Protein chains: 2
Amino acid sequence: MNHQWAAKALSLNARKHLPPALFRGLTRREAHHIQRNFSENLFHPGEPVPRNPADAPFVALLLCGTLREDVRDAQGAWRLFALTFTGELLSPLGPSGSGGRLSALERTVLLTCDRTNFDALATEIPRLRLNLLHLMQGQIAETHRWQTLLGRKTASERVASMLEWFHVRQGERGKLVLPVNRAELGQMSGLTLETVSRQIRRLEKARIIALPQPSRVQVLNPTALHTLTGDAPAHRAA
Amino acid sequence: MNHQWAAKALSLNARKHLPPALFRGLTRREAHHIQRNFSENLFHPGEPVPRNPADAPFVALLLCGTLREDVRDAQGAWRLFALTFTGELLSPLGPSGSGGRLSALERTVLLTCDRTNFDALATEIPRLRLNLLHLMQGQIAETHRWQTLLGRKTASERVASMLEWFHVRQGERGKLVLPVNRAELGQMSGLTLETVSRQIRRLEKARIIALPQPSRVQVLNPTALHTLTGDAPAHRAA
DNA sequence: CGGAGGGTTGAAGTTTATCAAGTAGAGTGG
DNA sequence: CCACTCTACTTGATAAACTTCAACCCTCCG
């Protein structure tokens, strides 16, 4: 499974860019031992990521690329549910139970480990178990943010929040890429594609973002964007 | 900590009513061993349930009673976020990270185990670890249901869904108790208290439920209720 | 050139929030 | 026992937000 390309990705990303929260606090020796028990998988754009409940990867770290997770609604239609960006962890609990479906949006490299191997490693290295717990807590926090977004935010706040989150999760580089179209942004945020479009244009007209292309966003005013997310604490009364 | 009353609850509920998913597939000997490492805690109505990140109970099973979980919003106000009913598991990941707050709504007995003890037990009994994983998957599924509710359902579907879920989780007895007021139902479902009230009355007028008291609900027509949740598959086209 | 897929925009329609008023029941003190 | 009060709940009118429907644009690509 050690593609040359993937190996390069590992050395570039996992060792340098990523603060691999899963490996935090481990000795170099332990980290090396662990990495030998993980395997790298390369996926091409559009390629589905298998997730049989049986031999499902217990943990999977995204070394590079982007994944989308789709779930079925009551009518059986697929809807975009979540995105996973480079450096993030795939839920150990995952969508396998809820009938979810994972696929790569770009050239994507995954560092995975199945349950049996991980169990063995975790027994040897208790710190690894703690790290996994922290990662899962982070995922709960993420879920909570989406629940707040869907339950209590206006359309404008939802779109601002999505853009801000993507921006942060893509590393706050100048240009942010929207890896999905307006309809799919709407599916994640509980809005129609028209409303998403209108809100994005509104941000552009307010000079908070620029749109060199419909799917390329440049964040011109991060502070203003954050204010519009609704997550900023309100002004204190005089 | 072994209150006489709590001990009674254990024998009544844990051994008879509950299918304690956490103890499934274990020998009587293992289950007994495990229960000696758990402790029972009694809480009175309104009493907060402590959850220090340090010695937080790693797992907690609700033997009887009801818990509410409140979280802070961006403005610092507390909002009802979720309810936990008898027989359900408290998230091992829990709201401690996200600044959540747990409290009892009635006389409530919790069967808890801290991280250290649970780790030791799980090392001895691998099946216990598997059971915990299944329980956590169930919680992810629950989260997904709420996300669908908040993201894609109408007010009428949201209220019908909440009532149906509470009904099922309370054991589908004739009478269902709403342990919180309309405003708090609204906080969970992303609606105003007025909308919640109107939708509940609409169900009453349609003879799908009866309301002997505002907080007592009798489900007269479970089928119709389910249809209104929006979770029923749509009619197939001819 | 023409078609397809995404994106944008406008007008009309629906749903839900907001504001405001009024009701019902439980508790309290005279 | 009767006001009085408090809280939760209900109901109506109005306003705002969002969806729906429809048209149109732009770019890519055969």
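Just so you know, these numbers come straight off a predicted model, no measurement behind them. Labels below follow one simple rule: chain letters A, B, ... track the order of the sequence lines, proteins then strands, and each chain is numbered from 1.
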Side chain of B:Ser197, heavy atoms from C-beta onward: which of C:dG6, C:dT9, D:dC9 has the nearest atom to it?
D:dC9
Charged N-O contact under 4.0 Å between B:Glu69 and B:Arg101
no
Salt-bridge contact B:Arg182-B:Glu194 (side-chain N to carboxylate O under 4.0 Å)
no
What is the distance, rounded to the nearest whole Å, between atom CG of B:Leu150 and atom P of C:dT15?
20 Å
Considering the options B:Arg107, B:Gln170, B:Glu106, which one meets the side chain to side chain donor-acceptor pair (under 3.5 Å) requirement together with B:Thr66?
B:Glu106
Just to confirm, is there a sub-4.0 Å distance from OP1 or OP2 of D:dC9 to any side-chain nitrogen or oxygen of B:Arg201?
no
Take nucleotides 12-30 of chain D nucleotide by nucleotide from the 5' end and write B, S or -, depending on whether a protein heavy atom sits under 4.0 Å from the base, only from the sugar-phosphate, or from neither.
BB----SBBB---------
Between C1' on C:dT8 and CZ on A:Arg202, what's the gap in Å once rounded to a whole number?
16 Å
Can you check whether A:Trp165 and A:Trp146 have ring centres sitting under 6.0 Å from each other?
yes
Rounded to the nearest angstrom, tell me the gap between atom CZ in B:Arg182 and atom P in D:dT11.
11 Å
To the nearest Å, how far apart are B:Leu193 CG and D:dT10 C1'?
10 Å
Hey, can you pull the donor-acceptor pairs under 3.5 Å for the side chains in residues 203-216 of chain B, sequence neighbours left out?
from: B:Glu204; atom 1: OE1; to: B:Arg201; atom 2: NE; distance (Å): 2.7
from: B:Glu204; atom 1: OE1; to: B:Arg201; atom 2: NH2; distance (Å): 3.1

Rounded off to whole Å, could you give me the CD1-to-P distance for the A:Ile200 and C:dT8 pair?
7 Å
What is the distance, to the nearest angstrom, from the CD atom on A:Gln213 to the C1' atom on C:dT8?
16 Å
Which whole-number value in Å describes the distance from B:Leu211 CG to D:dT11 C1'?
15 Å
Report yes or no: does B:Arg158 contribute a side-chain atom to a donor-acceptor pair with the main-chain N or O of B:Ser189 at less than 3.5 Å?
yes
A:Lys205 side chain near C:dT9 phosphate (N/O to OP1/OP2, under 4.0 Å):
yes
